[in-house]
Amino acid sequence: MSSNQSILELSSITKKFPGVLALDQVDFNLKEGEVHALVGENGAGKSTLIKIISGVHKKDGGEIKFKGQSVDIKGPKHSRKLGISVIYQEFNLVPYLSISENIFLGREDMKGQTIIDKKEMYQKSKKILQDLGIDIDPNTQIADLGVAMQQMVEIAKAISMDSDIIIMDEPTAALGDNEIEELFKTIDNLKEKGISVIYISHRLKELWQVADRVTVFRDGQYIATHPISETDKDLLITEMVGRELKEQFPERDAEIGEEILAVENLNRGDLLKDISFSLKKGEVLGFAGLVGSGRTELMRCIFGADKMDSGKILIDQKEAKIENPRSAIESGIGFITEDRKKQGLVLVRSVKENISLTDLSQVMNGMILKDDKDKKLAQEYIEKLNIKTPGEEQEVQFLSGGNQQKVVLAKWLIRNTKILIFDEPTRGIDVGAKKEVYSLINQLAEEGVGIIMVSSELPEILGMSDRIIVMNHGEIAGQMDIEDANQENILSLATRE
Amino acid sequence: QDDFEVAMISPALTSTFYKATNEGATQMAEEYGWKLYKMAPDRETNFQKQVSMVEDMIQREVDAIALCAINNKAVAPAVEKANEAGIPVFIFNSLTELPSGDVVTYVGYDQRAGGRKVGMRAVELLHEKYGELDGQIAILEGVPGFHNTERKGGFMEILDKFPEIEIVASQPADWEREKGMNVAENLLQARPNVDLFFGMSDAMAQGASQAAKSMNKKVFTIGIDGNPDAIEDVGEGDLTGTLAVFPTEMGRITMRSIKKYMEGEELPQLTVTPTMIVDEYNYDELPYN
Amino acid sequence: MNIIKKLKDSLGKELGALTGLILLGAIMTFATPYFLTLTNLMNILRQSSLIAIAAAGMTFVIITGGIDLSVGSVLSLSSCLTAGMMVSLGWNVWLAVFLGLIAGGILGIVNGVLITRVPLPPFISTLGMMGVARGLSFVYTDGAPIYGLPESFKYLGAGMIGPIPFPAILMVIIYLISYFLLNKTKVGRYAYALGGNEEAAILSGINTKKYKTIVYALTGLFASISGMILSARLDAATSVAGDGFELDVIAAVVIGGTSLSGGRGKIIGSLIGALIMGVVRNGLNLLLVSSHWQRVILGLIILLAVTVDVVRKQSSEDQDGTLSSFFAGLKS
Amino acid sequence: MNIIKKLKDSLGKELGALTGLILLGAIMTFATPYFLTLTNLMNILRQSSLIAIAAAGMTFVIITGGIDLSVGSVLSLSSCLTAGMMVSLGWNVWLAVFLGLIAGGILGIVNGVLITRVPLPPFISTLGMMGVARGLSFVYTDGAPIYGLPESFKYLGAGMIGPIPFPAILMVIIYLISYFLLNKTKVGRYAYALGGNEEAAILSGINTKKYKTIVYALTGLFASISGMILSARLDAATSVAGDGFELDVIAAVVIGGTSLSGGRGKIIGSLIGALIMGVVRNGLNLLLVSSHWQRVILGLIILLAVTVDVVRKQSSEDQDGTLSSFFAGLKS
Ligand SMILES: Nc1ncnc2c1ncn2[C@@H]1O[C@H](COP(=O)(O)OP(=O)(O)OP(=O)(O)O)[C@@H](O)[C@H]1O
Ligand SMILES: Nc1ncnc2c1ncn2[C@@H]1O[C@H](COP(=O)(O)OP(=O)(O)OP(=O)(O)O)[C@@H](O)[C@H]1O
Ligand SMILES: O[C@@H]1[C@@H](O)[C@@H](O)OC[C@@H]1O
Ligand SMILES: [Mg+2]
Ligand SMILES: [Mg+2]
């Protein structure tokens with residue numbers, strides 16, 4: 001339970017990265033047994049603060065007081081010794097080690113000086129997992145686990161350290177609503193034990209479920225701290241972006257035309273069972289569902305990235321032979337993957353090269369690439385999509401997340417794609433960038449593009465779709481028009497056993 | 001003549017043979033007050049490096065080049081370049097003429113005759129062992145080239161006359177000791193009754209002797225070269241015998257020839273050096289060292 | 001000014017290598033009067049051409065994130081085949097050369113197929129091919145050199161056009177072609193893309209298998225061109241030719257600034273890398289440094305070149321924060 | 001039943017390699033009467049020990065996701081140093097051996113430091129070291145063999161304990177130690193961890209630099225043990241010893257089922273891999289297959305072994321879809 005005793009006090013913390021002032025004299029105060037949320041736009045400095053607390057980065061200025069005493073945190077090991085454990089934004093598990101080996105990585109129990117005590121760690125892990133309500137053999141390899149279970153292992157790892165402070169950097173980004181609920185229960189348990197939690201999330205709505213207080217950062221600066229009960233979403237958003245951001249989901253005025261894509265009786269192993277649906281010109285079709293319900297898998301099949309076992313795909317009412325992404329693209333489909341860095345972009349190459357990648361013939365004369373054409377094409381889309389970059393030669397890795405997402409979009413737009421699949425188009429990007437993506441989707445729909453939008457964020461599904469399909473265990477659990485949709489009926493379809 | 005520069009380019013130093021030729025050459029160079037540049041690629045198969053070395057020495061404008069090449073075709077164009085640059089070329093450890101290019105003199109022994117001498121000794125040894133003409137011989141060859149062809153050719157000239165003695169294998173071991181050991185070890189497995197290894201250079205014969213030892217086999221091992229360490233091995237009974245061609249002396253003779261040439265003396269095209277079979281009875285009374 | 005900037009841009013990272021080359025040249029000129037002469041420079045070009053030509057192909061492979069350990073064996077096998085066709089079979093020289101080059105290309109294609117279809121990691125696939133091709137070369141020649149190559153063939157190794165050795169001309173032509181392929185055609189663009197992010201390339205509709213295979217084929221082809229030059233120079237084709245060659249070639253590419261992790265690199269860098277190795281070997285020979293020390297020095301140069309590259313990258317980040325923003329960018 | 005399952009589990013993927021070894025053994029036994037004799041089996045052990053011992057170290061390196069191209073050169077340099085100390089300086093045999101091993105370890109540490117501190121990619125760092133160590137070995141010996149090693153030293157190569165060659169005993173000991181290190185101590189655990197996910201290892205507070213360096217030091221040390229055995233057997237230490245050895249060693253590890261991408265592998269697999277290579281070489285010799293064809297066949301075996309591995313992995317994934325779900329689960 002939350003007391004008034006501060007366990008961690010940060011004052012005037014400053015952190016410079018070359019060319020970036022990531023943190024500018026920020027303050028942050030964590031009380032015993034409280035869940036303290038930290039919010040801010042992409043790049044506001046949240047993760048940086050965490051990494052300073054956990055000893056990954058050295059602070060350039062300011063003071064850290066832990067349990068009332070000034071400390072100089074020397075590294076991850078040191079911070080852990082102090083009783084701080086972190087669930088980082090990126091997964092940090094070793095795929096080919098077991099659950100228990102991962103939980104105790106770096107602090108193995110030893111028999112004597114040299115021998116690792118496997119049994120002891122196995123027993124301890126079993127206990128911790130049981131406490132979390134998870135029934136799984138701690139000898140299981142991480143590589144054999146699903147996303148949600150991996151996140152649970154991270155949580156188990158954090159808890160096993162008997163820490164006083166647990167920091168969670170976007171723990172729910174990869175979780176579905178069910179797992180999120182489990183997580184929240186766990187957090188409540190921790191709180192009861194007097195453990196303090198720093199909780200970072202872009203899903204503001206969650207905060208009212210878990211947090212006691214919330215602190216807002218903007219551009220590396222401390223803005224405000226509120227008890228959660230004394231604030232609301234609009235206020236937080238205003239503080240985060242520094243301006244009022246009305247109407248998250250812009251209006252769309254698209255004419256819904258004739259059927260452009262139809263999927264009939266598509267099957268793939270146990271993952272996808274008898275899927276049929278259709279998409280019309282100018283329509284935004286939302287796909288909702290829990291994590292692992294098979295949405296990404298379905299899109300990959302439609303796009304030819306995975307093979308279907310049986311089923312038909314019709315484009316413009318004609319059967320299309322889709323064998324690989326190439327033939328899908330030639331049939332007019334574009335796919336904005338859920339993971340832009342792993343699947344969407346060649347990070348070490350320029351904006352220009354990334355944009356023309358899907359259709360080099362546009363920038364070629366015969367067999368020869370024309371640099372001027374290539375440049376012109378890139379410039380055109382940089383302008384059109386308002387991509388913030390010093391120029392078309394900039395390597396994509398140096399752009400911010402939202403702008404990277406726009407580059408991915410551009411590479412499909414150059415093809416005049418008829419059908420665009422967006423898989424989690426706003427994952428990990430901030431409110432401002434989100435709105436721009438929504439506007440682009442609308443604009444495309446208005447131009448007659450058929451759009452499929454897979455998203456795990458219900459408000460987004462509800463705010464953007466004309467029609468919604470809910471998936472559950474690889475099947476279509478239900479379809480509804482937007483007028484009939486609300487959070488409750490989507491969730492009940494998504495969670496029905 | 002303080003600044004007289006000679007480049008002595010060997011095929012490699014993996015055989016102590018060229019250590020010995022270098023040694024002999026160095027003694028004379030010191031006596032004459034010459035600068036001697038001793039060069040060699042890492043191994044005898046690496047002719048392309050040797051060619052580059054000759055080219056680079058031409059650039060360096062040395063006054064004479066002494067050269068031994070396992071592959072005489074490969075070096076011929078470089079020798080021609082030396083001719084163009086007016087640098088005299090001396091070949092050592094070979095009497096076989098290059099396909100092109102002018103050489104002042106070839107310093108070496110008749111390798112075919114050497115092969116014959118070893119062949120004779122091999123027949124004697126086997127005859128002694130069995131009391132009749134019988135037995136099996138395995139040959140360890142060097143990197144293909146005229147050294148190889150001549151020595152093997154001479155050996156076979158003799159052995160062809162004794163069909164009772166079987167040549168059970170003839171495999172390359174690149175003039176190297178380690179390869180000689182590995183090949184011999186393999187042969188001793190596949191042909192367990194081999195009586196005698198003819199290593200066409202001492203290094204390979206020494207490798208064969210090691211192989212036999214580690215497999216607990218008694219076999220004769222004969223080489224060609226008479227390198228100082230091989231002579232020692234003969235003394236210690238590790239090597240049955242070798243055709244001594246006195247490499248140290250060959251190095252000296254090479255330098256003497258250069259000296260004579262510089263002094264305007266007319267040299268014969270071939271400068272033949274001595275050879276003799278060395279075994280446990282005569283290893284300590286050799287005419288040169 | 002503008003031209004200098006443009007040159008700087010287009011050379012990019014290779015500027016480091018170029019500076020290195022110029023520096024080495026200056027040192028050698030200073031250290032020995034024999035270095036800076038026309039004939040010596042031509043020697044260097046001729047001596048460097050073997051590594052340089054194979055390095056052009058290797059650059060493509062490394063840009064795709066791969067590696068080709070089989071270039072030395074391919075060099076040997078293709079040159080032995082050509083020699084055999086000319087000498088034993090008495091075929092027309094240019095037909096034999098043509099078929100030898102084709103053989104090199106096919107060996108490359110086999111690599112490509114193993115890498116894209118099984119799929120095997122490039123290191124393994126080309127390691128296996130290294131053994132197989134070298135073995136076949138031994139089998140074909142029975143370990144003995146093939147001598148007596150036709151005069152017209154030897155031109156490939158010893159010919160001169162004016163003062164310039166023919167292999168040097170060939171090298172320049174290969175680099176022009178490679179530059180063109182890498183910067184002006186799909187092959188190059190896709191090589192960068194799939195080396196940078198193979199999955200993204202596939203999902204962008206690129207036939208990555210095809211283009212990877214092309215790249216390995218090219219490397220096999222270029223390696224066999226080096227093979228022709230070598231056997232023409234030595235007037236013999238041998239099964240031991242090009243032993244250890246792969247590491248020299250990789251070293252040239254790496255010294256030239258191409259990163260082994262794929263996705264980046266410039267063709268001109270590899271040429272400079274090969275020339276650096278050539279200048280060092282030649283200069284040290286002229287300085288009478290033993291070939292033993294030369295090995296040590298070349299090893300150190302590899303370490304130094306890449307260290308300089310790494311350090312420069314780090315410090316340029318310190319100036320503009322690019323890499324850190326890259327790491328920052330790595331998060332979702 | 002239980003024991004078999006346990007064995008199967010602990011051998012894991014290596015079961016494939018073991019099956020291969022047994023199969024090869026059966027074929028050879030069938031094909032030639034010379035194969036299945038005590039002395040021949042002992043021969044195989046002795047011959048395989050060189051590669052096997054260095055492969056034990058290489059296994060650690062590859063599990064960390066690295067590679068060590070310098071083992072052959074380190075083998076040569078350390079054995080030449082030891083020989084020099086014994087022969088030219090007349091030092092005590094065991095002191096010389098000890099110092100030679102230390103030298104090998106130090107070369108490994110230098111690799112480790114370059115890799116962790118500069119940081120250089122392992123391929124580059126050990127490629128550079130390969131040149132430097134080989135060069136120093138040439139410099140030290142002037143390229144000529146050092147011979148006349150003391151009798152007591154030769155025991156390392158030629159000694160027998162009962163019917164068993166001493167190198168084979170040494171090999172078994174090294175594998176027991178390696179098994180222990182890899183499975184029971186932090187060194188092994190952390191090797192797996194940092195090969196599987198280096199960032200996670202760092203964030204778990206593991207001193208990855210230290211453990212990587214230890215692993216390279218171990219490899220240098222083991223390579224120099226192989227070096228001692230080789231020079232003891234040859235009764236000479238040579239600067240060309242172990243040329244190309246690195247590729248044999250890597251091949252043994254890979255045939256044994258350790259993945260070049262790091263994070264997985266078993267030590268016993270590498271022993272089996274080395275034995276497979278030994279059995280093939282020995283058996284083909286007994287069958288009088290020319291060394292030329294042997295090269296071809298060994299190349300094919302590398303390709304085959306890894307292909308089988310890849311295919312088996314694919315089919316096992318098709319059954320349980322686990323690995324793909326892991327990849328699906330890697331969030332950005
Ligand atoms: N290692 C680093 N090197 C250089 N710059 C960095 C580094 N890590 C973060 N930054 C920069 O510091 C600023 C703050 O980044 P930080 O990761 O803390 O943001 P965040 O609030 O966690 O954002 P997000 O919501 O996207 O996770 C950004 O401008 C980022 O680019
Ligand atoms: N390429 C693949 N091969 C095999 N299985 C996969 C693959 N991709 C996903 N899966 C598995 O298929 C199931 C459906 O996953 P999918 O990613 O399609 O779900 P989703 O509804 O899109 O969820 P998410 O929100 O995580 O993207 C999961 O069990 C997942 O682990
Ligand atoms: O290495 C060999 C050497 O020992 C001598 O015999 O000549 C031929 C070879 O060069
Ligand atoms: Mg963050
Ligand atoms: Mg998904």
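To find a chain, count down the sequence lines: A is the first, B the second, and so on, and within it residues start at 1.
With a 4.5 Å cut-off on non-hydrogen atoms, C:Ala158 does not touch chain B at all. With a 4.5 angstrom heavy-atom cutoff, C:Thr238 touches chain B only via side-chain atoms. Of the atoms belonging to B:Pro77, it is side-chain heavy atoms, and not backbone ones, that fall under 4.5 Å from chain C. Proximity to chain C is limited to the side chain of B:Leu13, based on heavy atoms less than 4.5 angstrom apart. With a 4.5 angstrom heavy-atom cutoff, B:Ala40 touches chain C only via backbone atoms. Residue contact with chain B, scored on non-hydrogen atoms closer than 4.5 Å, is absent for C:Leu149.
Side-chain contact between B:Glu55 and C:Asn282 is absent, with no heavy atoms from C-beta onward closer than 4.5 Å. Side-chain contact between B:Gln48 and C:Leu50 is present, with heavy atoms from C-beta onward closer than 4.5 Å. Residues C:Tyr34 and B:Asp56 fail the side-chain proximity criterion, which asks for heavy atoms closer than 4.5 Å.
Taken from CD in B:Gln59 to CG in C:Leu286, the straight-line distance is 6.5 Å, to the nearest 0.5 Å. The CZ atom of C:Arg46 lies 9.0 Å from the OG atom of B:Ser52; values are rounded to the nearest 0.5 Å. We find the CZ-CG distance between B:Phe47 and C:Leu234 to be 7.0 Å, quoted to the nearest 0.5 Å.
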Exercise for the section: Verify side-chain contact (heavy atoms from CB on, under 4.5 Å) between B:Lys49 and C:Asn285, making sure each step is shown before the conclusion. Expected result: CA-CA 11 Å; B:Lys49 236 209 194 129; C:Asn285 275 340; over 6 Å; no
Practice task
Please step through side-chain contact (heavy atoms from CB on, under 4.5 Å) for the pair C:Ser290 and B:Lys38, ending with a clear verdict.
Solution key: CA-CA 8 Å; C:Ser290 77; B:Lys38 293 164 281 189; over 6 Å; no
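Counting heavy-atom pairs closer than 4.5 Å to chain C, the top-ranked of the candidates B:Val51, B:Ile58, B:Asp42 is B:Asp42. Heavy-atom pairs under 4.5 Å with chain B were tallied for C:Ile44, C:Thr32, C:Thr39, C:Asp243; the largest tally goes to C:Thr39. Contact count against chain B (heavy-atom pairs under 4.5 Å) is highest for C:Pro145 among C:Pro145, C:Ser231, C:Ala236, C:Gly143. In terms of non-hydrogen atom pairs under 4.5 Å with chain B, the most contact-rich of C:Asn40, C:Thr37, C:Leu287 is C:Asn40.
At distances below 3.5 Å, not a single donor-acceptor pair connects side-chain atoms of B:Thr45 with backbone N or O atoms of C:Val240.
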